[in-house]
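Working notes, beginning with the structure itself.
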Amino acid sequence: MPKKQPDEVTSEKPKKRAHAINMMSLQVTAATDLREHTGKNDNEWATVFAIHNKYRGKKNDPKAIPVTIHFGPQTLALAKATIKKGLMFTVVGELDYDKVVDDSGSEKEFYKVHALQLSPPPKKAEADAEKS
């Protein structure tokens, strides 16, 4: 089979890549209130420290997994209106993971989710968050 010349036009369609390779949906509980930030060019964003899979008794996994949720332009307005400490919510976004060795030699794991979608919390969860 002869090699194709660079300027040769083909009818082959380019292969599509999946865009959701590291997309995930995660239910978390806000461990802090929302922290608002302003970056370069006055870009606004916010973060909240949250816990996934918190301890729920001896029969369940007792390990709480800390996660930082990063809210950008797509989710910032809803996050500002709803996220409060103690509130359980669901976030869909891209997962990021880092492992850092501190000065004492111990490893610390950090998980971050860049939120692309945020589900409004149920009314009961909003009422519980307002009480605390």
Side-chain angles (χ1 to χ4, degrees):
M1 184 168 166
K3 288 187 175 183
K4 294 178 187 175
Q5 298 300 320
D7 58 344
E8 188 176 345
V9 178
T10 65
S11 61
E12 295 177 25
K13 291 184 181 179
K15 293 182 181 179
K16 291 185 178 181
R17 286 189 65 190
H19 293 285
I21 292 173
N22 66 342
M23 294 290 290
M24 62 181 299
S25 177
L26 191 67
Q27 188 173 37
V28 296
T29 302
T32 63
D33 285 326
L34 193 71
R35 294 183 59 204
E36 296 181 40
H37 309 278
T38 303
K40 295 178 182 177
N41 302 326
D42 295 327
N43 294 335
E44 290 186 32
W45 52 285
T47 58
V48 68
F49 184 71
I51 303 295
H52 172 68
N53 198 20
K54 64 181 181 179
Y55 180 76
R56 288 182 258 159
K58 292 181 180 179
K59 294 182 181 181
N60 294 321
D61 184 4
K63 184 176 182 182
I65 301 169
V67 180
T68 300
I69 311 295
H70 179 272
F71 300 100
Q74 293 176 321
T75 53
L76 185 59
L78 184 57
K80 283 182 178 181
T82 58
I83 304 297
K84 294 177 176 63
K85 182 178 179 178
L87 186 71
M88 185 179 287
F89 62 96
T90 302
V91 63
V92 175
E94 297 176 3
L95 179 65
D96 191 11
Y97 171 79
D98 241 344
K99 188 182 280 190
V100 178
V101 179
D102 63 12
D103 294 336
S104 66
S106 63
E107 290 183 346
K108 294 187 179 188
E109 296 178 321
F110 296 96
Y111 294 94
K112 185 193 307 188
V113 174
H114 297 273
L116 299 174
Q117 294 177 351
L118 174 64
S119 69
K123 296 292 182 194
K124 182 179 183 310
E126 280 185 27
D128 291 345
E130 289 175 6
K131 290 178 185 177
S132 58

Subject >> side-chain contact (heavy atoms from CB on, under 4.5 Å) partners for Asp102, two or more places apart >> reply: Ser104, Ser106, Lys108
Which pair of heavy atoms, one from [X] and one from [Y], lies closest together, and at what distance?
{"X": "Ser119", "Y": "Phe89", "answer": "O-CB, 4.3 Å"}
{"X": "Gln27", "Y": "His52", "answer": "O-ND1, 2.8 Å"}
{"X": "Ser25", "Y": "Thr90", "answer": "OG-CG2, 3.5 Å"}
{"X": "Ala50", "Y": "Ile69", "answer": "CB-CG1, 4.3 Å"}
{"X": "Lys85", "Y": "Ala31", "answer": "CE-O, 3.4 Å"}
{"X": "Gly39", "Y": "Trp45", "answer": "N-NE1, 3.8 Å"}

Original post:
Would a 4.5 Å heavy-atom cut-off, applied to side chains only, mark Tyr111 and Thr68 as touching?
Top reply: no
Original post:
Would you say Met24 and Val92 make side-chain contact, with heavy atoms under 4.5 Å?
Top reply: no
To the nearest 0.5 angstrom, please state how far the [atom1] atom of [X] sits from the [atom2] atom of [Y].
{"X": "Leu34", "Y": "Thr32", "atom1": "CG", "atom2": "OG1", "result": "8.0 Å"}
{"X": "Asp33", "Y": "Ile83", "atom1": "CG", "atom2": "CD1", "result": "10.5 Å"}
{"X": "His70", "Y": "Asp96", "atom1": "NE2", "atom2": "CG", "result": "10.5 Å"}
{"X": "Lys112", "Y": "Glu94", "atom1": "NZ", "atom2": "CD", "result": "11.5 Å"}

Subject >> Those residues that, when tested against Glu107, pass salt bridge (charged side-chain N to carboxylate O under 4.0 Å, His left out) (two or more places apart) >> reply: Lys99
Original post:
For Lys80, which residues count as a salt bridge (charged side-chain N to carboxylate O under 4.0 Å, His left out) partner, sequence neighbours excluded?
Top reply: Glu36, Glu44
**OP:** Check whether any side-chain N or O of Thr82 sits under 3.5 Å from a backbone N or O of Leu78 as a donor-acceptor pair, and report yes or no.
**Re:** yes
Subject >> Sidechain-backbone polar pair: His114 side chain, Leu95 backbone, donor-acceptor under 3.5 Å >> reply: no
Original post:
Under a 4.5 Å side-chain heavy-atom rule over Ile, Leu, Val, Met, Phe, Trp and Tyr, are Val48 and Tyr97 clustered together?
Top reply: yes
Subject >> Hydrophobic cluster identity match, Ile65 and Leu26, side-chain contacts under 4.5 Å >> reply: yes
